[in-house]
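All values below were derived from every heavy atom in this structure, side-chain atoms included, with hydrogens, water molecules and symmetry-related copies excluded.
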Amino acid sequence: MAMIELGFGRQSFHPLKRKSLLLLKLIAVVFAVLLFCEFLIYYLAIFQCNWPEVNTTAYDGEQATREPVLRAMFLADTHLLGEFLGHWLDKLRREWQMERAFQTALWLLQPEVVFILGDVFDEGKWSTPEAWADDVQRFQKMFRHPSHVQLKVVAGNHDIGFHYEMNTYKVERFEKVFSSERLFSWKGINFVMVNSVALNGDGCGICSEAEAELIEVSHRLNCSREARGSRRCGPGPLLPMSAPVLLQHYPLYRRSDANCSGEDAAPPEERDIPFKENYDVLSREASQKLLWWLQPRLVLSGHTHSACEVHHGGRVPELSVPSFSWRNRNNPSFIMGSITPTDYALAKCYLPREDVVLVIYCGAEVNDA
């Protein structure tokens, strides 16, 4: 009788052991897939990105000098969701993606300055003070950075509202967090950061103030190009003698995205849709003013969520930076710039594709089943 009971115990032990092994295997597979899809895939994607090479030799007469290189990252349209729109899972998923991408890029690429070209938030145009404070706190956690890395942000229409929604309170609320700085110079390079939402040209108070600021910036840039000690420029410190890089949310005027190409350009069925001035792009007049006043050597903008490269007047290149978020693109990216006072080189760094991550999850589920 005892031998029968012992045999029965052995028979029940083996199925239990197999179930435990299967459970351990399942846990290991789930952990491995989560680790890869939520952490390692960002390192795998961004590790392939390299800073572009730029010519660092400048000539002052016949004498050659070596110029310093500034490493800058440019990203756009993060659109952190607020309290009204978007499912909580959508918010959690997309914000985790942007946080991991940004922190991985900081660690691997070591930029010196990061520029975000507007629409940081999705609901800044109507958020309550409490919701705004919560959005800002989440942004500061996601885009935290070492003290030696500078983070500069320009306003977008979702941050302060379209022109008809914009008011002094929203603008000041934004600038209290991100600064009202319009001109930023480092390593002999000038960056002009424009509130493009305020360039409607209708004479509104905010618009008039924005234009006055740009005229003052234009004056300072012109003084840097003139002979040192010019009486017209006054006794104050002069800017570096370098044509500026213009940074803004709205692109300069173009009819459409018809001439844009590439895997992250707008879908073919959308490229021929005409753009509306002061809504999709700046007006012709505002665009001409910026080009005339500032005489930039390069323009970077956001807003369209898609990539495009155009040349204004046949000589000034503008690059529209795609959205950084999976919520707006399946294949988000950012721009890496190696910039000197006289030259620059740009490269694009693609983040993991959302559909690839979903396929990996689905494939792991099928195999486990």
Could Lys176 and Glu172 be called an ion pair, given the rule that one side-chain N must be under 4.0 Å from one carboxylate O? no
Residues in ring-ring contact (aromatic ring centres under 6.0 Å, His included) contact with His305, at least two apart in sequence or another chain: His79
What's the spacing between Cys204 SG and Glu209 CD if we round to 0.5 Å? 10.0 Å
Give me the atom names and distance for the closest heavy-atom approach of Ser185 to Pro240. OG-CD, 4.0 Å
Which residues pass the side-chain hydrogen bond (donor to acceptor under 3.5 Å, both in side chains) test with Asn259, not counting sequence neighbours? none
Sequence neighbours excluded, the answer for ring-ring contact (aromatic ring centres under 6.0 Å, His included) partners of Phe178 is Phe139, Phe174
Heavy-atom closest contact (Pro341 atom, Gly188 atom, distance): CB-O, 3.5 Å
With a 6.0 Å cut-off on ring centres, are Phe334 and Phe74 close enough? no
Assess whether a salt bridge exists between Glu211 and Lys289, defined as any Lys/Arg side-chain N lying under 4.0 Å from an Asp/Glu carboxylate O. yes
Kindly check if the number of other-residue, nucleotide or ligand heavy atoms within 6.0 Å of CZ (Arg144) is above 12? yes
On the ring face of Trp132, is Arg173 found with NZ or CZ under 6.0 Å from the centre and within 45° of the axis? yes
More than 12 foreign heavy atoms under 6.0 Å from CD of Glu165: is that the case here? yes
Shortest non-hydrogen pair, Pro111 vs Ala105, comes out as CD-O, 4.1 Å
When every non-hydrogen atom of Val194 is compared with those of Val154, the smallest separation belongs to O-CB, 4.1 Å
Step by step, work out the side chain to side chain contact (heavy atoms under 4.5 Å, CB included) result for Val192 and Trp293. CA-CA 11 Å; Val192 179; Trp293 287 340; over 6 Å; no
Salt bridge (charged side-chain N to carboxylate O under 4.0 Å, His left out), that's the test. Do Arg94 and Glu354 meet it? Break it down for me. CA-CA 10 Å; Arg94 273 42 188 262; Glu354 186 176 30; 3.1 Å; yes
Should Asp264 and Asn331 be marked as a side chain to side chain donor-acceptor pair (under 3.5 Å) after you check the CA-CA gap, both sets of side-chain angles, and the distance that decides it? CA-CA 7 Å; Asp264 54 355; Asn331 58 338; 5.4 Å; no
In one Ile/Leu/Val/Met/Phe/Trp/Tyr side-chain cluster, 4.5 Å: Leu92, Trp326: no
From Gln110 CD over to Arg71 CZ, what is the distance, rounded to the nearest 0.5 angstrom? 9.0 Å
Take a 6.0 Å sphere around OH of Tyr169 and say whether it holds more than 12 heavy atoms from other residues, nucleotides or ligands. yes
Pairwise distance CG(Asp122) to CD(Glu83) - rounded to 0.5 angstrom: 12.5 Å
Looking at CG of Leu239 and CG of Leu183, how far apart are the two atoms once the value is rounded to the nearest 0.5 Å? 5.0 Å
Hey, is CH2 on Trp96 packed in by over 12 heavy atoms from elsewhere, all under 6.0 Å? yes
Side-chain donor or acceptor of Trp51 paired with backbone N/O of Leu109 under 3.5 Å: yes
Partners passing salt bridge (Lys or Arg N to Asp or Glu O under 4.0 Å) against Glu213 (at least two apart in sequence or in another chain): Arg182
Lys170 to Ile160 - nearest heavy-atom pair and separation: CD-O, 3.4 Å
side-chain hydrogen bond (donor to acceptor under 3.5 Å, both in side chains) against Asp134, all qualifying residues, sequence neighbours excluded: Arg138
Backbone of Ala155 reached by a side-chain donor or acceptor of Asn195 within 3.5 Å: no
Just checking, is any N or O donor in the side chain of Asp77 or Ser323 under 3.5 Å from an acceptor N or O on the other one? no
SG of Cys223 to CZ of Arg225: how many Å apart, nearest 0.5 Å? 10.0 Å
For the CZ atom on Phe162, are there more than 12 heavy atoms of other groups (residues, nucleotides or ligands in this structure) within a distance under 6.0 Å? yes
Taking atom types as modelled and ignoring hydrogens, do the side chains of Arg254 and Ser320 form a donor-acceptor contact shorter than 3.5 angstrom? yes
Give the intermediate values and the outcome of side chain to side chain contact (heavy atoms under 4.5 Å, CB included) for residues Gln248 and Leu290. CA-CA 11 Å; Gln248 58 191 39; Leu290 287 174; 3.3 Å; yes
Does atom CD of Gln137 have more than 12 heavy-atom neighbours, drawn from other residues, nucleotides or ligands, at distances under 6.0 Å? no
Can a salt bridge be assigned to the pair Arg327 and Asp90 using a cut-off of 4.0 Å between side-chain N and carboxylate O? yes
Flag if over 12 foreign heavy atoms under 6.0 Å of CD, Glu53: no
Decide ring pair (Phe, Tyr, Trp, His ring centres under 6.0 Å) for Trp186 and Phe191; before the verdict, give the C-alpha distance in whole Å, the side-chain angles of both, and the deciding distance to 0.1 Å. CA-CA 8 Å; Trp186 196 9; Phe191 296 92; 9.0 Å; no
Identify every side-chain donor-acceptor pair in residues 39-47 under 3.5 Å, counting partners at least two apart or on other chains, and give the distances.
none

Can you sort out the partners of Phe102 under ring-ring contact (aromatic ring centres under 6.0 Å, His included), two or more places apart, ordered by chain and number? Phe143
Between Asn278 and Asn200, is there a side-chain donor-acceptor contact under 3.5 Å, judged purely by atom types and distance? yes
Remaining members of Leu85's ILVMFWY cluster at a side-chain heavy-atom cut-off under 4.5 Å? Phe84, Trp126
Side chains of Glu318 and Ser301: donor-acceptor distance under 3.5 Å anywhere? yes
Residues passing the disulfide bond (SG atoms under 2.5 Å apart) test with Cys37, sequence neighbours excluded, are none
Stepwise side chain to side chain contact (heavy atoms under 4.5 Å, CB included) test for Ser287 and His312: CA-CA 10 Å; Ser287 301; His312 300 281; over 6 Å; no
Which of Thr342, Asn55, Thr57 passes side-chain hydrogen bond (donor to acceptor under 3.5 Å, both in side chains) with Glu67? Answer is Thr342
Can you name the residues that form a ring-ring contact (aromatic ring centres under 6.0 Å, His included) with His303, not counting sequence neighbours? His249, Tyr250
Of all the heavy-atom pairs spanning Pro244 and Gln295, show the shortest one and how long it is. CD-O, 3.7 Å
Quick one: pull up CG in Leu81 and NZ in Lys91 and give me the separation to the nearest 0.5 Å. 6.5 Å
Shared ILVMFWY cluster between Met193 and Ile335, side chains joined below 4.5 angstrom? yes
Could you give all pairs that pass the disulfide bond (SG atoms under 2.5 Å apart) test and reach residues 86-186, with sequence neighbours left out? none
Which ILVMFWY residues are connected to Tyr253, directly or by a chain of links, through side-chain heavy atoms under 4.5 Å apart? Phe275, Val281
Is it possible for you to check whether Lys152 lies under 6.0 Å from the centre of the six-membered ring of Phe184, through NZ or CZ, and within 45° of that ring's axis? yes
